[in-house]
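None of these values were measured; they are calculated from a predicted model.
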Amino acid sequence: MTAPLTPPPPPHQEPSHERDEASQHKQPQQQPKQPLQQQPSLQQGPDSRSWQFWPEPAGGSGFAPAYGQDGPGMKTELREAAVVTVVLALGGVLLGLLWWWLAPKVPLVGDIVDSRWVVYVKDSEGEQAAGVDGTFTLLALAFGAVSALGVFLVRRRGGVPLVVALTVGGVLGSVLAWRLGVWLGPAQDVIAHAKGVGKGVTFSAPLKLGAKGALLVWSVGALVVHLGLTGLFGPRDPEEVVAPPV
């Protein structure tokens with residue numbers, strides 16, 4: 001038998017192995033070159049809007065800490081608080097002197113009834129006793145405002161130790177002023193004082209603080225003024241710099 005003749009390929013077609021070799025040579029020319037994309041830095045992350053740019057410290061690893069020191073240190077703050085407490089306590093001496101000098105006098109009169117000495121207020125409707133407490137309260141409030149202003153000017157950032165110092169120092173200063181004013185005022189033994197000046201002679205009553213709550217006015221005033229000054233004129237935390245969106 002005679003084998004069938006294989007027809008030759010058409011003129012416009014090439015053999016398969018020649019087409020494969022031609023496609024391998026032409027493939028690099030058919031694919032255009034893609035531009036290289038810049039890789040995101042480590043500080044940008046997958047979403048550049050949620051990362052912050054921090055300056056790289058000298059000799060560091062490229063990452064700066066996101067926090068800083070808010071104060072000079074706990075030891076320094078405690079030392080400053082101790083100084084403030086002592087100064088405010090000693091300021092009570094000045095408060096006591098002013099109270100003794102500015103407080104109104106309460107007039108008393110001694111008399112003999114049934115062979116016994118009695119002492120009574122000369123002006124029963126007078127407001128001198130209330131004026132004594134009011135004078136101490138106003139002076140303590142002024143001392144609290146001045147002490148808070150001085151502490152704020154020395155250290156604007158404030159801190160818990162300074163707040164405690166204002167509270168404790170104000171109470172100690174008030175107590176010292178109270179006892180000093182009483183000691184400098186008229187004698188506490190009114191009967192002996194009446195006998196010394198004579199029957200029917202007017203004399204001043206001992207300096208007395210009727211409203212013991214006035215001992216806290218210095219501390220409360222200092223805390224309120226210091227809080228207001230810190231809120232209005234205290235240092236602000238630096239705003240975080242956020243990278244603009246790409």
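Cluster membership for M74 and V160, using ILVMFWY side-chain heavy atoms within less than 4.5 angstrom, is not shared. In the hydrophobic clustering of ILVMFWY residues, with side-chain heavy atoms under 4.5 Å counting as a link, L95 and V168 come out apart. V87 and L153 fall into different hydrophobic clusters, defined by Ile, Leu, Val, Met, Phe, Trp and Tyr side-chain heavy atoms under 4.5 Å apart, directly or through other members. By the criterion of side-chain heavy atoms lying less than 4.5 angstrom apart, applied directly or through intervening Ile, Leu, Val, Met, Phe, Trp or Tyr residues, V164 is not grouped with L78; the two fall into different hydrophobic clusters. Residues V182 and L102 fall within the same hydrophobic cluster, defined by Ile, Leu, Val, Met, Phe, Trp and Tyr side chains chained together at heavy-atom separations under 4.5 Å.
L97 has its side chain within reach of L184: a pair of non-hydrogen atoms, C-beta onward, lies under 4.5 Å apart. Residues L162 and R155 are in side-chain contact: their nearest non-hydrogen atoms beyond the backbone lie under 4.5 Å apart. Contact annotation: the side chain of L166 never approaches that of S219 to less than 4.5 Å [non-hydrogen atoms, C-beta and beyond]. The shortest distance between side-chain heavy atoms of W100 and W183 does not fall below 4.5 Å. Between Y120 and L108 the shortest side-chain heavy-atom distance does not fall below 4.5 Å.
Across every non-hydrogen atom of L215 and W178, the tightest pair is CD2-CB, 4.0 Å. Closest approach of A81 to P161, counting heavy atoms only: CB-O, 3.4 Å. The minimum heavy-atom distance linking A148 with L229 is given by the pair O-CD1, 4.3 Å. L172 approaches A89 most closely through the heavy-atom pair CB-CB, 4.0 Å.
Judged by distance alone, with hydrogens and angles left aside, the side-chain atoms of T85 form no donor-acceptor pair with the main-chain N or O of G169 at under 3.5 Å.
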Applying side-chain contact (heavy atoms from CB on, under 4.5 Å), run through V109 and V119 and close with a yes or a no.
CA-CA 6 Å; V109 176; V119 178; over 6 Å; no

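Rounding to the nearest 0.5 Å gives a distance of 10.5 Å between CD of E77 and CZ of R79.
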Would you mind writing out the side-chain donor-acceptor pairs for residues 134-147 within the sub-3.5 Å range, not counting sequence neighbours?
from	atom 1	to	atom 2	distance (Å)
T135	OG1	G131	O	2.7
T137	OG1	D133	O	2.9
S147	OG	F143	O	2.9
S147	OG	G144	O	2.8
S147	OG	W218	NE1	3.3

Tell me which donor-acceptor pairs under 3.5 Å the side chains of residues 188-212 have, and how far apart each pair is, sequence neighbours excluded?
from	atom 1	to	atom 2	distance (Å)
D189	OD1	I191	N	3.4
D189	OD1	A192	N	3.4
T202	OG1	K122	NZ	3.2
K212	NZ	L209	O	2.7

